[in-house]
Amino acid sequence: LIPDQIIKVINTHDLYGDRHVDLDWNSKTKSMNFCITTEDENKHLENASAVITITDDDKNNLSKRIKDNNLDIPVSTIKYLPKKIISYKKTTSSKKLKVGFVGSSNPINQEGINQFIEYLSLSKIKDFELILCGLICNFVNDDFPWLTKLNEVSDDGLEDFYNSIDVLVNPMPKYTTGLKIKTLECLISDIPIMGTCDAFSGIKTTSRWHKADNINELVSLVYELSKNKNLLNEILLDGQVIKKDFIKSSENEINDFIK
């Protein structure tokens with residue numbers, strides 16, 4: 001409906017084409033969440049004068065699809081940089097390792113954290129506590145002595161949550177796309193974070209704390225950390241290296257796109 005002479009920019013935010021297939025969603029989950037076929041996604045791309053992606057991985061994916069469809073549409077990456085920095089002031093320390101997870105109720109969060117809790121319950125980890133924050137608490141039915149649910153909190157409560165934990169985990173399942181905002185916000189705010197490979201998609205990292213191949217492997221890393229909390233400094237330093245590189249690579253993206 002928009003005239004041809006109008007420049008049309010599609011901000012993909014994420015790749016949704018057939019994601020429900022790889023994520024193995026049933027019909028109920030599919031009906032409750034945004035889904036689109038790859039074919040329909042390609043049709044939307046055909047209407048664009050330019051495409052913006054949030055990661056270089058997505059840019060490469062869409063660039064190939066555009067080329068395969070014999071289209072000549074420029075694709076640029078403009079990564080998300082959070083403006084609001086979390087004030088992390090971890091002042092208390094204890095022998096117990098305090099692991100945190102914050103999330104909405106979306107099905108990917110549900111799958112990830114429930115798998116994480118299941119593997120934790122089968123592990124031999126001692127002296128640790130898992131603290132959940134956000135709407136995700138309503139979708140975790142397990143009840144263990146080491147599991148705490150804060151539910152929804154205010155902004156001040158969210159800051160208290162971060163200040164109460166030693167490390168944030170992001171047990172993201174496979175076959176997800178786009179930047180994981182909670183991962184990025186922790187990196188920018190110098191909060192120690194560990195996760196699966198998918199939790200760090202779109203972020204260049206070589207740290208073993210950021211590249212667990214699956215959620216069970218992530219639990220193994222938590223076990224290692226619980227045996228030696230001094231490793232928290234290694235996780236923090238690895239995150240700070242990534243933060244510096246991420247900010248530097250993002251500085252000129254908007255100007256380059258406009259040009």
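Along the sequence shown, residues carry numbers from 1.
Closest approach of Phe200 and Gly195 over heavy atoms only: CE1-N, 3.7 Å. Residues Asn109 and Lys182 share a closest heavy-atom pair of OD1-NZ, 3.6 Å. Nearest heavy-atom pair, Ile235 versus Ile193, reported as atom, atom and distance to 0.1 Å: CG2-O, 3.4 Å. Across all non-hydrogen atoms, the minimal contact from Phe34 to Arg19 is O-NH2, 3.0 Å. Residues Lys8 and Pro3 approach most closely at NZ-O, 3.3 Å, considering heavy atoms. The two atoms that bring Ser226 and Ile125 nearest to each other are OG-CG2, 3.7 Å, heavy atoms only.
Taken together through direct or relayed side-chain contacts under 4.5 Å among Ile, Leu, Val, Met, Phe, Trp and Tyr, Ile181 and Ile247 form part of one hydrophobic cluster. Criterion: ILVMFWY side-chain heavy atoms under 4.5 Å apart, direct or through other members. Under it, Ile117 and Leu122 are not part of a common hydrophobic cluster. Note: the hydrophobic cluster containing Phe116 does not contain Val102 (ILVMFWY, side chain heavy atoms under 4.5 Å, direct or indirect links). Ile54 and Leu187 fall within the same hydrophobic cluster, where Ile, Leu, Val, Met, Phe, Trp and Tyr residues are linked whenever their side-chain heavy atoms come under 4.5 Å apart, directly or through other members. Criterion: ILVMFWY side-chain heavy atoms under 4.5 Å apart, direct or through other members. Under it, Val167 and Val222 are part of a common hydrophobic cluster.
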| message | Applying side-chain contact (heavy atoms from CB on, under 4.5 Å) to Ile66 and Val75, what does each step give before you reach the verdict? | response | CA-CA 9 Å; Ile66 287 171; Val75 184; 3.5 Å; yes

Stepwise side-chain contact (heavy atoms from CB on, under 4.5 Å) check, Thr55 with Lys59: CA-CA 6 Å; Thr55 72; Lys59 173 184 175 181; over 6 Å; no

Practice problem: Report the C-alpha distance between His20 and Leu23 in whole Å, list the side-chain angles of each, state the deciding distance to 0.1 Å, and finish with yes or no for side-chain contact (heavy atoms from CB on, under 4.5 Å). | Solution: CA-CA 5 Å; His20 53 283; Leu23 292 169; 5.8 Å; no

Original post:
salt bridge (charged side-chain N to carboxylate O under 4.0 Å, His left out) between Asp213 and Lys174: does it pass, once the steps are laid out?
Top reply: CA-CA 9 Å; Asp213 187 57; Lys174 290 187 175 182; 3.7 Å; yes

Item to complete: Kindly determine whether Asp127 and Leu97 satisfy side-chain contact (heavy atoms from CB on, under 4.5 Å), including the steps that lead there.
Response: CA-CA 6 Å; Asp127 294 324; Leu97 175 67; over 6 Å; no

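The backbone N or O of Asp57 sits nowhere less than 3.5 Å from a side-chain atom of Asn61 that would complete a donor-acceptor pair. Without hydrogens or angle criteria, Glu41 side chain to Tyr16 main chain gives a donor-acceptor distance under 3.5 Å. Under the 3.5 Å distance criterion, the side-chain polar atoms of Ser31 are matched with a main-chain donor or acceptor of Lys28. Between the side chain of Asp18 and the backbone N or O of Val21 there is no donor-acceptor pair closer than 3.5 Å. Of the possible polar contacts, one joining the Asn69 side chain to the Arg65 backbone as a donor-acceptor pair under 3.5 Å is found. For Asn114 (side chain) and Phe139 (main-chain N/O), a donor-acceptor pair under 3.5 Å exists by modelled atom type. The closest donor-acceptor contact from the side chain of Ser63 to the backbone of Asn60 lies at 3.5 Å or more, if one exists at all. A distance-only check finds no donor-acceptor pair linking the side chain of Ser105 to the backbone of Ile136 [under 3.5 Å]. Formation of a donor-acceptor pair under 3.5 Å by the Asn252 side chain with backbone atoms of Asn255 is not found in this model. Between the side chain of Asn163 and the backbone N or O of Glu159 there is at least one donor-acceptor pair closer than 3.5 Å.
Within a 6.0 Å radius of CG in Asp155, other residues, nucleotides and ligands contribute 12 heavy atoms or fewer. Atom CD of Glu46 has more than 12 heavy atoms from other residues, nucleotides or ligands within 6.0 Å. For CD1 of Ile7, the number of neighbouring non-hydrogen atoms (other residues, nucleotides, ligands) closer than 6.0 Å is 12 at most. Open room surrounds CD1 on Ile254; 12 or fewer heavy atoms of other groups in view lie less than 6.0 Å from it.
Proximity of Pro107 to Asn33: side-chain heavy atoms (C-beta onward) are separated by under 4.5 Å at one or more points. Here the side chains of Phe101 and Ile131 are not in contact, with every heavy-atom distance at 4.5 Å or above. For the pair Val241 and Asp245, the minimum side-chain heavy-atom distance is 4.5 Å or more. Between Asn47 and Lys43 there is no side-chain heavy-atom pair separated by less than 4.5 Å. For the pair Lys89 and Ser87, the minimum side-chain heavy-atom distance is below 4.5 Å. Between Leu147 and Lys149, some side-chain heavy-atom pair lies under the 4.5 Å cut-off. Between Leu237 and Asn233, the closest side-chain pair of non-hydrogen atoms falls below 4.5 Å. Side-chain atoms of Pro192 and Tyr88, non-hydrogen and from C-beta on, do get closer than 4.5 Å to each other.
The cationic atom of Lys79 (NZ for Lys, CZ for Arg) lies less than 6.0 Å from the six-membered ring centre of Phe246 and within 45° of the ring axis.
Between the CG atom of Asp142 and the CG atom of Leu130 there is a distance of 10.5 Å, given to the nearest 0.5 Å. In this structure, CG on Asp14 lies 9.0 Å from CG on Leu179, to the nearest 0.5 angstrom. With values rounded to the nearest 0.5 angstrom, Ile113 atom CD1 is found 12.0 Å from Glu118 atom CD. A distance of 4.0 Å separates CD1 in Ile78 from CD1 in Ile52, rounded to the nearest 0.5 Å. Note that the SG atom of Cys186 and the CD1 atom of Ile86 stand 5.5 Å from one another [nearest 0.5 Å]. Here the CG-CD distance, from Leu236 to Gln240, works out to 4.0 Å after rounding to the nearest 0.5 Å.
For Glu129 and Thr148, the side-chain atoms include at least one donor-acceptor pair closer than 3.5 Å.
Sorted by first and then second residue, the side-chain hydrogen bond (donor to acceptor under 3.5 Å, both in side chains) pairs involving residues 190-212 (not counting sequence neighbours) are Thr176-Asp198, Lys180-Ser201, Asp190-Lys243, Thr205-His210, Ser207-Asp238, Arg208-Glu224, Trp209-Glu234. Contacts classified as ring-ring contact (aromatic ring centres under 6.0 Å, His included) and involving residues 143-186 (residues at least two apart or in different chains) are given here: Phe128-Trp146, Phe144-Trp146.
Here the rule is salt bridge (Lys or Arg N to Asp or Glu O under 4.0 Å) with Asp166, and of Lys98, Lys95, Lys229 only Lys229 fits it.
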